[in-house]
Each structure stands twice: as C-alpha cells, then as structure tokens.
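I have placed the structure first, in the form of structure tokens, so that the comments after it can refer back to it.
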Amino acid sequence: QVQLAESGGGLVQPGGSLKLSCAASRNIFSISAMGWYRQAPGKQRELVATITSGGSTNYADSVKGRFTISRDNAKNTVYLQMNSLKPEDTAVYYCNAAVATMKSVINNYWGQGTQVTVSS
C-alpha cells in the first residue's frame, strides 16, 4: 500500500512558476515509477511527467522544457517544478505511484490531487 499526499498547487499568473510535492507513505526506492498526471474539466486524465526508480524521466510534449520532475528518496517525495506556466496548464494535478508486485502485476496508487490554476 502507498498513500500519496500532494501539495503546492494554487493560483498563478501566466509565465509564473509553481512547485508541486508528493509525499509517499513508504520508501520510494521500492516504487518502480512515480509521476504526475493532470485532469482539466471535461477532459481525460493525461500524463504530465514520470520518473523511474533508476532516474529516467518522461514528459508530455506539451510540458517539455518547462516542467522538471525529480525525486528525493530520503524524503520519500517526488516534485514537479513548473515554469513558464500557461492557461492550458490549468488542471487538477495527481501524483501517481506504480509498484511492481508478484505475478508480474503493477499496482497504481493515486493522490487526491491539487488544483493548479493559471490565469491573469
């Protein structure tokens, strides 16, 4: 089991920055991958960025060059630094943890989400 708690969302002007945090209830070195997803009103939840236990990262094309995902194993926390924010970045951002289990099964865990609003 993994409990995830997001924080850091808020209201920011276009071009501004926010840093999101996701604290996990267990050592994240045992988690295969962690990441951030977002869901805007009326839209499907979409991938923003992921990071594996080995440090490999993946980003949605829409955020490449603007967002940076990182993790701190000692703090059991993953971060999303968001720069040059655009109105289209407005969404609820969810933390995700993918945990490999026996029988080649991967369990996914989700936080409750944090609202990011980009508006002038």
Side-chain angles (χ1 to χ4, degrees):
Q1 303 181 52
V2 181
Q3 185 173 334
L4 304 172
E6 303 100 331
S7 63
L11 175 65
V12 64
Q13 295 183 355
S17 298
L18 284 174
K19 187 174 184 179
L20 306 183
S21 298
C22 173
S25 62
R26 60 180 287 180
N27 294 333
I28 60 175
F29 65 78
S30 64
I31 300 175
S32 298
M34 297 188 69
W36 291 94
Y37 293 71
R38 67 187 182 187
Q39 187 168 19
K43 296 184 178 180
Q44 297 288 332
R45 188 173 299 184
E46 65 177 355
L47 168 73
V48 177
T50 60
I51 184 167
T52 69
S53 60
S56 298
T57 58
N58 183 55
Y59 297 92
D61 289 341
S62 60
V63 306
K64 287 181 179 178
R66 300 189 297 120
F67 292 9
T68 302
I69 189 171
S70 62
R71 66 194 298 167
D72 187 333
N73 290 343
K75 297 181 179 179
N76 295 332
T77 301
V78 64
Y79 304 95
L80 184 68
Q81 177 66 51
M82 305 186 295
N83 299 324
S84 302
L85 284 163
K86 304 175 180 179
E88 52 263 42
D89 295 319
T90 296
V92 178
Y93 284 69
Y94 297 91
C95 183
N96 167 264
V99 181
T101 66
M102 295 181 292
K103 308 290 185 179
S104 299
V105 174
I106 297 177
N107 290 332
N108 281 279
Y109 302 88
W110 297 90
Q112 294 185 0
T114 184
Q115 177 70 49
V116 172
T117 302
V118 184
S119 177
S120 60

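When a residue number appears, it is its place in the shown sequence, counting from 1. Computed from a predicted model, the values in this text were never measured in an experiment.
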> Val105 and Asn107: which non-hydrogen atoms are nearest, and at how many Å?
Replying inline: CG1-OD1, 3.8 Å
> Given side chains that start at C-beta, do those of Thr52 and Thr50 come closer than 4.5 Å, heavy atoms only?
Replying inline: no
> Tell me, which pairs form a salt bridge (charged side-chain N to carboxylate O under 4.0 Å, His left out) where one or both residues lie in residues 103-115, sequence neighbours left out?
Replying inline: none
>> Quick test of your reading: applying salt bridge (charged side-chain N to carboxylate O under 4.0 Å, His left out), list the pairs with at least one residue in residues 9-38, sequence neighbours left out, ordered by first then second residue.
In response: Arg38-Glu46, Arg38-Asp89
> What pair of heavy atoms forms the shortest contact from Asn108 to Ala98, and how long is it?
Replying inline: OD1-CB, 3.7 Å
> Between the main-chain N or O of Glu6 and the side-chain N or O of Gln112, is there a donor-acceptor pair closer than 3.5 Å?
Replying inline: no
> Are Tyr109 and Val48 connected in the hydrophobic side-chain network, where two residues link if heavy atoms are under 4.5 Å apart?
Replying inline: yes
>> In the structure I gave you, are the side-chain heavy atoms of Gln115 and Thr90 within less than 4.5 Å of one another anywhere?
In response: yes
> Considering residues, nucleotides and ligands other than Gln1, do more than 12 of their heavy atoms fall under 6.0 Å from its CD?
Replying inline: no
>> So which atom in Gln39 and which in Lys43 form the shortest heavy-atom distance, rounded to 0.1 Å?
In response: NE2-O, 3.1 Å
> Under the 4.5 Å side-chain heavy-atom rule for ILVMFWY, direct or indirect, which residues accompany Leu47?
Replying inline: Tyr37, Val92, Tyr94, Trp110
> Would a 4.5 Å heavy-atom cut-off, applied to side chains only, mark Leu20 and Met82 as touching?
Replying inline: yes
> Got a second to check how far Thr114's OG1 is from Leu80's CG, nearest 0.5 Å?
Replying inline: 11.0 Å
> Between OG of Ser17 and CZ of Phe67, what distance do you get to the nearest 0.5 Å?
Replying inline: 9.5 Å
>> Restricting to non-hydrogen atoms, name the atom on Arg66 and the atom on Ser84 that form the minimum distance, rounded to 0.1 Å.
In response: NH1-O, 3.0 Å
> Minimum heavy-atom separation for Ala40 to Ala91, with atom names?
Replying inline: N-CB, 3.8 Å
> How does the hydrophobic cluster around Ile106 look, that is, which other residues are in it when side-chain heavy atoms under 4.5 Å mark a link?
Replying inline: none
>> Are Tyr79 and Leu4 connected into the same hydrophobic cluster when the rule is that any two of I, L, V, M, F, W, Y join if their side-chain heavy atoms are below 4.5 Å apart?
In response: no
> Who passes side-chain contact (heavy atoms from CB on, under 4.5 Å) against Ser32, sequence neighbours left out?
Replying inline: Ala100
>> Can you give me the closest heavy-atom contact between Ile51 and Ser70, atom names plus distance?
In response: CD1-CA, 4.1 Å
>> Show every disulfide bond (SG atoms under 2.5 Å apart) that has at least one partner inside residues 48-99, sequence neighbours left out.
In response: Cys22-Cys95
